[in-house]
Each structure stands twice: as structure tokens, then as C-alpha cells.
Novice: 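I am attaching a structure below and will ask some questions about it afterwards.
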Amino acid sequence: MSVPTQMKSMRTQADHKVGVETVDVPKPQANEVLVRVKAVTLNPTDWKSARMLAAPGNGVGCDAYGEVVSVGSDLAVPLKVGQHVAYFEMGSFNSPRTGTFSEYSLTQSDNAIIVPEGYDPYEAASWGIGGLTAVQTLFDKLAIKNIDNKISSLPSVSADSPQLLVWAASTSVGQFAVQLGRVAGYHVIATASEKNWDYLKSLGAADLYDYKDDKTPAAIHEKYPKLGLALDCFSEKGSTVAVAKSLGEDAPKGSKVCCILPADKAAKQIRPDVEFITSLVYTTLGREFKFGGWPVSKEELAADKKFIKPWVAGQDSIAHNLMAKKLVRGNKIKKMDGGIDAIEKGMDFQQSGQVSMEKLAYDIA
Ligand SMILES: NC(=O)c1ccc[n+]([C@@H]2O[C@H](COP(=O)([O-])OP(=O)(O)OC[C@H]3O[C@@H](n4cnc5c(N)ncnc54)[C@H](OP(=O)(O)O)[C@@H]3O)[C@@H](O)[C@H]2O)c1
């Protein structure tokens, strides 16, 4: 397939605005592949980064699914032209060379999940930020039992299985966390609005509560005295305090809560025996970046990239296998019309806080 010299691409503009421009198609460097972007999904970080933090002139957009159309000279993973991949990039920040709300986008060969034939393209795109945040928080930061890359069926789970609380389970991250926790053999306790319970049960949640009900933390605390592992997929407006109150009276030594925004100090006061960790998925790219003063050391970047590699890189990756065996599906998709020109409106919708267990998805090329 011939690659054009120019493409449409969403870029950050002055005054924290975004706009679609015609720009040169970038060329892949040593470990990069150029992808013809077929589908993208939206994340809160897209509007937050572009409209609150980023400088002008950068490519916008993180999640993507598409077809490899050219490859760099020194790939860490031997991707081939014609293969379909899903990945995320640090949209709005890195440079004009990255950002997925573009007809063509670059990513590193060892950052791209090879998507099995038949897997839904929009769901594949949603693995980017949402899926890999769930992977990083559960299997690295909370260090729950790992998943083998050869797993082919769900393990049995009983009342005696280890317990995991996924708070705000209908978020993009939460939908993945429920499924990954279930595949890893956990009894998954989840919170969400009641209208979303049936779907979350179909993903593997064993016991559901409404996060809006003030009685929820006490109910979970009573029922699960040994609960000591939790992922807070919302991490604001008091959610981490509610998570702290939900943990069991007899939570074991080494109990942990992982947050995906800076952890609320009030939660630590409620459970001083528990470790509260904050995690940022961008660190798994292994590249240095500046993100609202978030401190990240070179050692942490190297460790987080090393952690994610077996999950994403190559034909034997854990994510590829979970897709191929249909053990983990992507987010519940809301297909949007209008392609790249309509994404800005989707960002408005996401920013208005109206998204409820729906991943806005767009066709690009
Ligand atoms: N640190 C990282 O690496 C990282 C990565 C990804 C996301 N994030 C951040 O994590 C947050 C979630 O992102 P996302 O894409 O997963 O979210 P999302 O899919 O946009 O979240 C929508 C969901 O939020 C739930 N919700 C709304 N208000 C809530 C509340 N007060 N308590 C609990 N849940 C509530 C809603 O649940 P119901 O419809 O059931 O009411 C809705 O389904 C964002 O702030 C995002 O910027 C951080």
C-alpha cells in the first residue's frame, strides 16, 4: 500500500485548543512502526491534557488500532507491514510526531499489541490507555497473581478465592480490571451505578455495590473482613476514602490500594496500615516526559517498561492471548460518526462528565 506524503491530524493549538490540520506523514525511526489508523477511542486524558496542560503543536490522541504500513530499520519486535496492532501513545505532549487522532501514527514496535483476526477494532483500540492501566495497576503496583500467556480458559473461583475490590468498575479502566481480576482467579467485588451491574456481572464481577450509596463502604467492610487489595478507578471526589473504609478489619499485612490520580491523604489516615500507591500508565512507555509535575525517575521508567513488555510485545504477549482466547473483551463501545473532525465534540461530551460505561469510538481511515 502506498503511503501519502500528507495526512489529516489533530494538533494542540494556542490557548489550549485543538484543531485538525494537514501535516506531513512522519517516517518511522529505528524501533518505530508507522500505522494507518483505522479506529480510535477517547480517554479523559485527551481533553485534560490538550485543554489544561499541553503546549501547542503536538499530536493529540492516545488510543489507536490500525495496520502497520512501514517499519523502522531496527525493530525490537519484528512487526510486519499488513499486521494489525493496538497501542497507546502519550498524546498532546510528546511532539508533533506522535498522537493517534491522525490518519497515520507512529508507535514503538515493542509497545504495540498484535491484534488477532476477528477481534473488534474499536474494542482493540480501547486496550490502549484503559486496558494497560488496568494491567499496570493490578499486576505491577498491586502485584496480584500473574496471568500466564498460555491461559485458555477461566479458572474456577469460589468464596475462598482471594478478593479484589474494583471501585468505579464501569470506568474504562474498571471494565478491564474486573475481567483481568477474574481471569487471575480473584473474587471481584465491584462498585458502579446499578444500571451497569448486569453488564459488569457478565464481565466477571461477583458482588456489586453502588458507589453512590453511603452505606456501601460499611457493607463491604462487614462482609469481607480479610479484604486488603483494591483498585480505585476513579480516585477523586472522596472515592479513595470510601475504598479505605471498605477494606476489611483483618486485612493482611502488605495490603495495598492503587489510585490512578494522586492518592487522597485522608484515606491513609483512615487506614495507616495500608499502602496507598499512585500509578501513571505513561511510565510503561519507558520514555522521559513532563506531565503536570508528576515525578518519575529513570529507574522507574525502565522498570515499568520492563514490566509491560510480556503483556504487549510480540505474537506471544499476554494481551494478544487474552484477545485470541476471548477471555478479555475491550470496553463497551459507543460508535460515533464523523471521523477525526468530530472528535473535538466527543471531548466536550467526555469533559461534561456524561460518559457512563461507554467508550466513544471513531473511524479514522
Ligand atoms: N493514572 C493513569 O495512568 C490513568 C489512566 C487512565 C485513566 N486515568 C484517570 O482515571 C479516571 C477514569 O478514567 P476512565 O477512562 O477509566 O473513566 P471513564 O470511563 O471516562 O469513567 C466514566 C465512569 O465514571 C464513573 N463515575 C462517575 N462519577 C463517579 C464517582 N463519583 N465515583 C465512582 N465512579 C464514578 C461512572 O460510573 P457509573 O456510570 O456506573 O455511575 C462512569 O461509568 C480519569 O480521571 C482519568 O483521567 C488515569
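Counting starts at 1 for both ligands and their atoms, following the listed order.
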Novice: Under 6.0 Å between ring centres, would you say that holds for W127 and F176?
Specialist: yes
Novice: With the 4.5 Å side-chain cut-off for hydrophobic clustering, are M347 and Y122 part of the same group?
Specialist: no
Novice: Report, one line per pair, each donor and acceptor closer than 3.5 Å where one atom sits in a side chain of residues 146-155; sequence neighbours left out.
Specialist:
unit_1	atom_1	unit_2	atom_2	d
D148	OD2	K150	N	2.7
N149	ND2	D316	O	2.8

Novice: In order of chain and number, which residues sit within 4.0 Å of ligand 1 by heavy atom?
Specialist: P44, K48, I129, T133, A168, S170, T171, S172, V173, A192, S193, N196, Y211, C233, F234, I260, L261, S279, L280, V281, Q350, V355, S356, M357
Novice: List in chain and number order the residues that pass side chain to side chain contact (heavy atoms under 4.5 Å, CB included) with A30, two or more places apart in sequence or in another chain; answer none if no residue qualifies.
Specialist: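 For A30 the side chain to side chain contact (heavy atoms under 4.5 Å, CB included) partners, ignoring immediate neighbours, are S73, D74.
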Novice: Give me each pair satisfying side-chain hydrogen bond (donor to acceptor under 3.5 Å, both in side chains) with a member in residues 242-256, each pair once, sequence neighbours excluded.
Specialist: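 For residues 242-256, and leaving out neighbouring residues, the side-chain hydrogen bond (donor to acceptor under 3.5 Å, both in side chains) pairs sorted by first residue read H221-E249.
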Novice: Can K141 and D304 be counted as an ion pair, charged N to O under 4.0 angstrom?
Specialist: yes
